*Asks:* 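Sharing a structure, written as structure tokens. Questions coming.
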Amino acid sequence: MAAALTDLLQRYLEHARVQRRLAARTLSLYRDALQRLQDLAEQDGVALLQLQQAQARRWVARLHGQGLSPRSLALELSAWRGLYRWLGGERLVSHNPIDGLRAPKAAKPLPKALGVDAAVQLAEHADAQQDPRLEARDACIVELLYGCGLRVGELVGLNAQASREARGWVDVAGGEVQVLGKGEKRRSVPLGSAAAQALQAWLAQRPTLARPGEPALFVGRRGGRLSADQIRQMLKARALAAGMPSHVHPHMLRHSFASHVLQSSGDLRAVQELLGHAHITTTQVYTQLDFQHLAKVYDAAHPRAKKKSPV
């Protein structure tokens, strides 16, 4: 059982409560962090007022090795840093041994992408019970999200006709989509044949839904521009109806587009241009998805990848 916090640490927590006005939840987390700090000091026979940065760094590494996440370690260091800042103000220490220490970077989760077969299954799904106008619209939305790798905000901003005011539009004759992406940067994305066919089908139905003078390419039942949330809800329901095994959202189709183009071409720069990424490092995450795909193929197909059964 851990020893109770020393009077010194209790005084700091009181200071944090009264002077810094930390919330009760934050105070509770700080108390836990200071308890760990005290326990580490007792285990190693180190006086907290004589703590050196090298020792503090070893403790951070020890906690990380014990399973504390980077996010938890960042909170831990925040509590420790605040303690030593206060101790310095009380003239009990000459320096802050926590200054300059950083928690390990948290690994960014890889984006979720559909497999090629699942993406095609979703794109080819048709609901015979749906209003044919809405069915044509929703099929076109899926084709543009997956076939062109658009962000949902870019898709929402598309107009039926090109104009100076339009944030984006589809040039059917030229076979491309003009979009205004992040940072107000325009880019052109090729329009595939499947997306072009779906677009033609929707444009034939659109006049029966759109309000007079409505510029939006995609409109709802009331004739106005669809919102990003409406598209998310539609896609979620359509994916379930198509038998998708997991929740599908618009950005997953963008990830699928990027991953599948990279798997087929291996051209990272081209994928960067298609996605409208300002930096190649943003696009490089798809190389990890591509490697995962290759690793699965290897594990399934290569005889030397199969684990031997225990004798």
Side-chain angles (χ1 to χ4, degrees), residues 108-116 118-120 122-123 137-163 165-172 174-192 194-196 198-199 202 215-220 224-239 244 246-263 265 267-290:
K108 291 184 178 180
L110 290 178
K112 292 183 178 179
L114 294 172
V116 174
V120 171
L122 176 61
R137 180 201 68 187
D138 296 349
C140 184
I141 287 173
V142 171
E143 286 290 356
L144 286 181
L145 288 172
Y146 173 55
C148 301
L150 302 187
R151 299 179 177 96
V152 67
E154 295 169 348
L155 183 123
V156 165
L158 293 177
N159 280 3
Q161 299 292 332
S163 71
E165 297 75 27
R167 293 183 62 82
W169 62 88
V170 181
D171 180 356
V172 181
E176 61 185 22
V177 184
Q178 299 289 337
V179 296
L180 192 65
K182 285 187 176 180
E184 300 296 293
K185 293 181 179 179
R186 288 201 176 276
R187 75 180 189 280
S188 175
V189 183
L191 183 69
L199 181 65
W202 161 236
L217 175 59
F218 294 111
V219 298
R225 188 182 298 271
L226 279 181
S227 69
D229 281 341
Q230 286 175 309
I231 289 176
R232 290 188 188 97
Q233 291 302 316
M234 177 280 291
L235 186 58
K236 180 180 179 181
R238 192 173 181 85
M244 295 292 100
S246 60
H247 170 56
V248 177
H249 51 82
H251 223 63
M252 184 182 287
L253 292 185
R254 177 172 161 86
H255 293 323
S256 303
F257 162 85
S259 179
H260 300 166
V261 170
L262 185 61
Q263 285 175 19
S265 70
D267 192 334
L268 192 64
R269 285 290 180 185
V271 174
Q272 178 191 4
E273 291 293 326
L274 290 169
L275 292 176
H277 286 163
H279 304 289
I280 193 69
T281 52
T282 310
T283 318
Q284 282 173 338
V285 66
Y286 295 106
T287 63
Q288 297 180 53
L289 287 179
D290 193 30

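These numbers were taken from a predicted model, which means no experiment stands behind them. In this chain, numbering begins with 1 at the start of the sequence shown.
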*Asks:* Checking the side chain of R254 only, and the main-chain atoms of G149 only, is there a donor and an acceptor separated by less than 3.5 Å?
*Replies:* yes
*Asks:* Within this structure, what is the CG-CZ distance for the pair L144 and F218, rounded to the nearest 0.5 Å?
*Replies:* 4.5 Å
*Asks:* Apply the side chain to side chain contact (heavy atoms under 4.5 Å, CB included) test between V156 and each candidate in I231, D229, L226; give the one that qualifies.
*Replies:* I231
*Asks:* Out of curiosity, L150 CG to F257 CZ, how far, rounded to the nearest 0.5 Å?
*Replies:*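 Going from the CG atom of L150 to the CZ atom of F257 covers 8.0 Å.
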*Asks:* Among K185, R167, R187, exactly one meets salt bridge (Lys or Arg N to Asp or Glu O under 4.0 Å) together with E154. Which residue is that?
*Replies:*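 It is R187, the one option of K185, R167, R187 that forms the salt bridge (Lys or Arg N to Asp or Glu O under 4.0 Å) with E154.
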*Asks:* Give a yes or no answer on whether the side chain of R238 reaches the backbone of L122 with a donor-acceptor pair at less than 3.5 Å.
*Replies:*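 Answer holds: no.
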*Asks:* Name the orientation class of the two ring planes belonging to H247 and H249 (parallel below 30°, tilted from 30 to 60°, perpendicular beyond 60°).
*Replies:*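 Taking H249 first and then H247, their aromatic rings sit tilted (interplane angle of 30° to 60°).
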*Asks:* Should L155 and I141 be marked as a side chain to side chain contact (heavy atoms under 4.5 Å, CB included) after you check the CA-CA gap, both sets of side-chain angles, and the distance that decides it?
*Replies:* CA-CA 8 Å; L155 183 123; I141 287 173; 4.1 Å; yes
*Asks:* Which pair of non-hydrogen atoms, one from V152 and one from R232, has the smallest distance, and what is that distance?
*Replies:*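 Closest pair (atom of V152, atom of R232, distance): CG1-NH2, 3.8 Å.
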*Asks:* Answer yes or no: is there a side-chain heavy-atom contact under 4.5 Å between S188 and Q178?
*Replies:*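 Sidechains of Q178 and S188: in contact.
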*Asks:* Taking all heavy atoms of S256 and all of L114, pick out the closest pair and write down the distance.
*Replies:* OG-N, 2.8 Å
*Asks:* Which pair of non-hydrogen atoms, one from L235 and one from P250, has the smallest distance, and what is that distance?
*Replies:*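 Taking L235 first and P250 second, the nearest heavy atoms are CD2-N, 3.4 Å.
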*Asks:* Measuring only between side-chain heavy atoms, which start at C-beta, is L217 closer than 4.5 Å to W202?
*Replies:* yes
*Asks:* Identify the two heavy atoms, one from S163 and one from W169, that lie closest to each other, and give their separation to 0.1 Å.
*Replies:* O-CZ3, 3.9 Å
*Asks:* Could you measure the distance from the CD atom of E143 to the CG atom of L253? Nearest 0.5 Å is fine.
*Replies:* 10.0 Å
*Asks:* Identify the two heavy atoms, one from D171 and one from G174, that lie closest to each other, and give their separation to 0.1 Å.
*Replies:* OD1-N, 2.8 Å
*Asks:* Looking only at non-hydrogen atoms, find the nearest pair between G220 and R137 and report the distance.
*Replies:*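 Taking G220 first and R137 second, the nearest heavy atoms are CA-NH1, 3.6 Å.
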